[in-house]
Structures are given as structure tokens and as C-alpha cells.
Amino acid sequence: MTATHKLLRSLVPLVADLADDLPERERYRRLLEALRTLLPCDAVALLRLQGEVLAPVAIDGLSSDTLGRRFRIAEHPRLAQLLAHGQALRFAPDSPLPDPYDGLVEHAGPLEVHDCMGCALVVGGSTWGLLTLDALAPGRFAAAGHLEALQAFSNLAAATVAAAERLRQLAQSVQDERSRAESWRQAALPAQARRPLLGQSPALRQLQKDIALVAPSELNVLITGETGVGKELVAQAVHAQSQRAGRPLVSVNCAALPDTLAESELFGHVRGAFTGAVGERQGQFERADGGTLFLDEIGELSLTVQAKLLRVLQSGQLQRLGSDREHRVDVRVIAATNRPLEEAVRSGRMRADFFHRLSVYPLQVPPLRERGSDILLLCGYFLEENRSRLAAVASGAELGTVRLDALAQSALLSHSWPGNVRELEHLISRGVLKALSRHGRRPRVLTVTLQDLWPQGREALPPAPVYAPAASAPSTAQDTGLRAAVEAFERRSIEQSLARHQGNWAAAARALQMDRANLQRLAKRLGCMLP
């Protein structure tokens with residue numbers, strides 16, 4: 001019996017799993033777990049083709065932030081070759097082409113990948129994405145049957161993907177139409193405006209469910225949350241999933257509107273309405289007619305402007321400044337604020353009727369400190385974004401990988417994030433530049449360290465997050481060292497989660513928002529006392 005036949009026989013239990021009513025993520029996790037068991041590798045990934053980028057949907061053996069990365073095909077020649085080749089392909093261990101996973105293999109530090117192979121997945125006659133396998137030791141995939149085995153496995157993987165896709169289409173056919181409309185709108189937006197709402201934490205998933213619930217309605221939405229949490233991204237998501245997705249989304253920063261210009265900016269004016277009004281001008285409400293008007297920092301508007309806005313919110317009727325003519329608009333309003341508006345109503349700084357017109361459906365955006373491992377996923381997105389920018393400005397420079405070392409990841413997870421996602425984005429951008437400045441020439445793997453993120457040293461680190469039970473901690477980071485403190489916290493969290501779930505690794509991994517195999521390896525490395 002050939003190695004390929006043995007492989008196919010061993011996959012029978014996994015084939016049976018395809019009939020189970022499994023969530024998509026669990027299907028993909030089992031798929032990669034089986035592949036890593038059958039073929040010798042240190043890391044495996046399943047990537048979905050999305051236009052000109054490949055987005056990881058499942059990983060095993062790679063750092064958590066990999067899920068947040070988006071690999072532009074034009075910038076990663078190995079991935080481009082795998083897509084073009086179609087069949088299973090192995091790269092020579094001494095290939096000069098940069099590997100997108102250099103420095104990202106879990107627990108391997110900044111080591112580069114030395115053996116790599118992969119295969120395109122074809123579903124329904126079209127290329128769906130890639131399966132990639134990587135090893136740190138050269139020659140790991142040298143056996144004659146490895147490529148044949150991978151090609152055979154890819155057929156099963158394609159069947160798994162096809163099953164998951166069919167289930168998703170049956171359950172979300174209406175949502176697919178909205179997503180298609182969103183892709184058309186996104187194509188016309190600048191890159192900065194196309195950022196997705198990334199995250200897998202329970203808090204963000206609940207927000208995404210609320211968005212999906214309210215978006216198809218015509219209800220006004222009030223988005224609240226701290227500075228930097230991504231309220232504008234939430235507004236874009238609501239508009240994109242609404243029936244108005246093909247119409248304009250007009251944004252107004254209310255904090256930048258002085259009272260003297262607010263009425264003209266919102267409702268427009270006619271010629272001669274005031275000094276300098278040399279012509280007739282539409283306001284933002286008319287520009288958003290048929291679409292959505294996003295009023296950011298709504299808590300900054302004066303009572304006078306609130307009163308004038310109330311009429312258009314109630315009836316859709318407005319008058320341009322200096323005109324007696326009525327205009328009617330069909331506009332959905334989404335407002336956002338980082339202020340406690342209920343308190344503003346009580347103190348008289350906001351009209352109660354105006355507040356209630358805006359907050360028909362409130363959406364609370366969770367702060368970053370409550371989103372757990374979403375922090376590393378977002379780090380992956382920002383690291384790849386910075387890597388791409390660096391590659392663009394350094395003509396002829398070798399494409400490499402930008403990664404975080406273990407201590408930097410632990411510090412990021414321990415930060416209280418008063419500036420939320422915006423603070424994280426800026427911190428990563430600064431850290432990448434500082435890491436790059438330490439090298440005379442660009443390295444294949446650029447490692448961002450704790451010192452790059454916080455150059456002032458350990459004393460400059462922020463306090464522990466509010467959800468960390470500091471009273472039960474055995475010592476502070478200054479007493480034992482940050483790494484030891486973080487490892488103690490991780491060990492305690494794993495042991496407590498396993499105890500709560502009666503030793504069930506899968507349930508504990510879901511609660512900790514980790515892959516089960518990664519959780520088991522981490523527990524082993526930390527020497528956890530298992531129940």
C-alpha cells in the first residue's frame with residue numbers, strides 16, 4: 001500500500017466529521033490538526049483568497065497575531081507561486097525567496113523557515129485559497145511521498161471548505177448580497193477607510209451580532225465608546241450591511257463645527273444668506289439623501305444646533321440657511337460619542353428629545369482592554385500594514401517579516417490601553433520604526449521588542465488591566481520581572497479554566513480564545529498543574 005493510500009485511509013474519521021453540524025472554525029481547526037499529524041511540520045495555515053490578498057482563516061503552530069495579517073500576493077512571491085502553480089509545490093531549503101512566516105513559527109523566536117511547501121485549494125472550479133506547511137529544519141519535506149500526500153490531502157481540504165461554504169451560503173444568503181454590495185463600495189474607498197472590524201473575542205462578536213441585527217432596519221443608531229475604540233468603523237459596518245449600502249455614507253465631525261457655521265454645513269445655504277455666501281450650497285443632509293449621515297462627536301453640538309437638528313430627525317424636512325423653501329430628505333442618522341449623554345441630558349447640556357431621537361438603537365463598542373487576545377490579532381494586522389509600507393518606500397529591498405517577540409506580546413496583553421485601538425496602532429507603528437533603526441540593512445525577520453515599544457523601560461509600562469485580579473497576584477512585575485509575572489498569570493488562567501471545565505481542553509481553549517493544540521503546548525511549556 002502506498003503512502004498516499006495509507007493517508008487516505010487514515011483520513012476516514014475526518015471525512016465523517018464533514019457530516020457533523022460543526023462551526024466553520026472548528027471544521028478548519030480539525031482539518032489542520034489532521035494535516036499536522038500526518039505530515040511532519042512545525043506550522044500549517046489555511047488562507048482564503050480575497051481579491052489581491054490572502055487572509056488566514058485557521059492556523060496551527062503560528063503566532064496568534066498571524067490571524068490578523070493580510071498577505072498581499074504581489075508582496076509575497078512564495079504565495080504567488082503557490083497560487084500560480086496550482087498543484088502541490090515544495091520550495092528548495094536554500095530558496096532566496098522570503099517566506100511570509102519567517103519569525104512567526106510559535107515558540108521558535110526570530111528563526112527563519114527552512115523548508116516550505118503548499119498547495120492551492122480549488123473549490124467549484126475556482127481557486128479558493130492555499131494550504132501552507134512550514135518547517136524550521138531543512139529537508140523536512142524531502143521524502144518522495146510528501147508532495148503526493150499533500151496533493152491528496154488538498155482534495156479533502158477542498159471538500160471541507162466547500163461544505164463550510166455551502167452551510168454559510170444557506171444560513172446567510174441575504175448577508176452575502178449585502179457583502180457583495182459592500183465589496184463594490186469598498187473598492188471605491190481609500191485603503192485607510194477599508195479596515196475591517198477585526199476580532200474574535202466574545203465582546204466583539206456580540207457587537208457584530210448587534211450590527212447585523214440593526215443594520216437592515218431604518219432605526220437611528222447611537223454608537224458609544226471610549227476614544228479610539230473604532231466607532232467610525234462600526235458606523236461604516238452598519239451602513240455597509242444596510243439597504244442603503246449602495247448610497248453615500250457622509251461623515252461630519254461635530255466637534256469641528258462652530259455654531260456660526262453648523263447650520264450652513266448641515267442644511268446648506270442660499271446666496272446672500274450671510275457675508276461670504278456667494279452661491280447656493282447643499283448641506284450634508286442633502287448630500288446624504290438616500291444614504292446615511294454619520295454625526296461623529298455628537299455630544300459637542302450646542303443646544304441651539306440640537307434644536308435645529310430635531311426637526312429633520314423627526315420629519316426629514318429642512319430649510320437651507322436664508323431660504324423659506326422646504327427640502328425633504330431620506331437620511332438614516334448614525335451618531336457617535338465618547339461622552340455620557342444621559343449625564344448631559346440630566347445636566348441640561350443636551351435636549352432629552354434630541355437624545356431619544358438619536359439613541360433608538362444604542363451600540364456600545366467595547367474597550368480594547370476587554371477584548372483579550374484580539375490585541376494580538378490587531379497587532380498582526382498593524383504589523384503587516386507597516387511591513388507593506390516599508391516595502392513600498394524601500395525600492396528593491398527584500399521583503400521580510402515583522403514580528404513581536406514573546407516579551408513584547410506579553411506586555412501588550414497586560415497593557416490597560418487607555419487609548420484603545422488607536423493607541424495600539426500608533427504604538428506598533430513607532431515600534432516597527434525603532435526596531436528597523438537598530439539594523440544597518442533590512443533583515444529578513446524584523447523583531448519588535450519590548451524596548452522598541454516602550455523605550456523608557458519597564459518603569460514606563462502601564463498598570464495592570466482592570467480585569468486582572470491584582471490582589472491575588474503573588475508579586476508585582478517590578479519584584480519578579482515582567483516575563484515571570486506574565487507567565488504566572490498565564491499559568492493561573494490556564495489552570496483555572498481547565499478546572500472550571502472539568503479538564504476539557506477544547507472547552508478551556510474556547511473560553512481562553514485559543515487554539516486547543518496551542519493551549520496544550522503552552523500549558524506544557526509553563527508546567528501547569530493539570531486537574
Original post:
Within a radius of less than 6.0 Å around CD of E343, do more than 12 heavy atoms belonging to other residues, nucleotides or ligands occur?
Top reply: no
Original post:
Between L341 and G299, which heavy-atom pair has the shortest distance, and what is it?
Top reply: CD2-CA, 4.0 Å
Original post:
Short question: side chain of W417, backbone of L412 - any donor-acceptor pair under 3.5 Å?
Top reply: yes
**OP:** Begin from the C-alpha positions of I73 and L79 and carry the test side chain to side chain contact (heavy atoms under 4.5 Å, CB included) through to its verdict.
**Re:** CA-CA 6 Å; I73 299 166; L79 300 180; 5.5 Å; no
Original post:
Going from CG on N386 to CD on E425, what distance comes out if it is rounded to the nearest 0.5 angstrom?
Top reply: 8.0 Å
Subject >> Worked verdict on S242 versus H239 for side chain to side chain contact (heavy atoms under 4.5 Å, CB included) >> reply: CA-CA 5 Å; S242 73; H239 175 72; 4.2 Å; yes
Original post:
Name the one of V360, I298, L363, I334 that satisfies side-chain contact (heavy atoms from CB on, under 4.5 Å) with L222?
Top reply: I298
Original post:
Does N504 use its side chain to pair, donor to acceptor, with the backbone of A506 at less than 3.5 Å?
Top reply: yes
**OP:** Drop me the distance from S64's OG to L404's CG, to the nearest 0.5 angstrom.
**Re:** 11.0 Å
Original post:
Does Q282 CD have over 12 foreign heavy atoms under 6.0 Å away?
Top reply: yes
Subject >> Pairing of E385 and R70 as salt bridge, 4.0 angstrom limit >> reply: no
Original post:
Do any N or O atoms from the side chain of N220 and from the backbone of V333 form a donor-acceptor pair under 3.5 angstrom?
Top reply: yes
**OP:** Rounded to the nearest 0.5 Å, what's the gap from OG on S251 to CG on L293? Could you check?
**Re:** 8.0 Å
Original post:
Under 3.5 Å, is there a donor-acceptor pair linking the side chains of R72 and S388?
Top reply: yes
**OP:** Determine the minimum heavy-atom distance between G225 and K231, stating which atoms define it.
**Re:** O-NZ, 3.3 Å
Original post:
Is a side-chain N or O of R328 found less than 3.5 angstrom from the main chain of S315, in a donor-acceptor match?
Top reply: yes
Original post:
Judged by atom type as modelled, is there a donor-acceptor pair below 3.5 Å linking the side chain of R320 to the main-chain atoms of R325?
Top reply: no
Subject >> Separation between CD1 of I59 and CG of L32, rounded to the nearest 0.5 Å >> reply: 9.0 Å
**OP:** Could you verify whether a donor N or O on one side chain and an acceptor N or O on the other, from T337 and R339, lie under 3.5 Å apart?
**Re:** no
**OP:** For side chain to side chain contact (heavy atoms under 4.5 Å, CB included), just list the numbers for L233 and V365, CA-CA rounded to whole Å, side-chain angles, deciding distance to a tenth of an Å, and then say yes or no.
**Re:** CA-CA 10 Å; L233 289 183; V365 186; over 6 Å; no
Original post:
Checking side chain to side chain contact (heavy atoms under 4.5 Å, CB included) for the pair E265/Q284: CA distance, chi angles, key distance, verdict?
Top reply: CA-CA 6 Å; E265 180 69 19; Q284 301 289 16; 2.6 Å; yes
**OP:** Identify the two heavy atoms, one from A212 and one from Q241, that lie closest to each other, and give their separation to 0.1 Å.
**Re:** CA-OE1, 3.5 Å
Subject >> Nearest heavy atoms of L376 and Q409, plus distance in Å >> reply: CD1-OE1, 3.6 Å
Subject >> Residues in salt bridge (charged side-chain N to carboxylate O under 4.0 Å, His left out) contact with R69, at least two apart in sequence or another chain >> reply: D65, E384
Original post:
For the residue pair A408 and D405, what are the closest heavy atoms and their distance?
Top reply: N-OD1, 2.7 Å
Original post:
Roughly how far apart are W454 CH2 and R430 CZ, rounded to 0.5 Å?
Top reply: 9.5 Å
**OP:** Please examine the side chains of R311 and F267, heavy atoms only from C-beta on, and report whether any two atoms are closer than 4.5 Å.
**Re:** no
Original post:
Could you give the distance from CZ (R29) to CG (D60), rounded to the nearest 0.5 Å?
Top reply: 8.5 Å
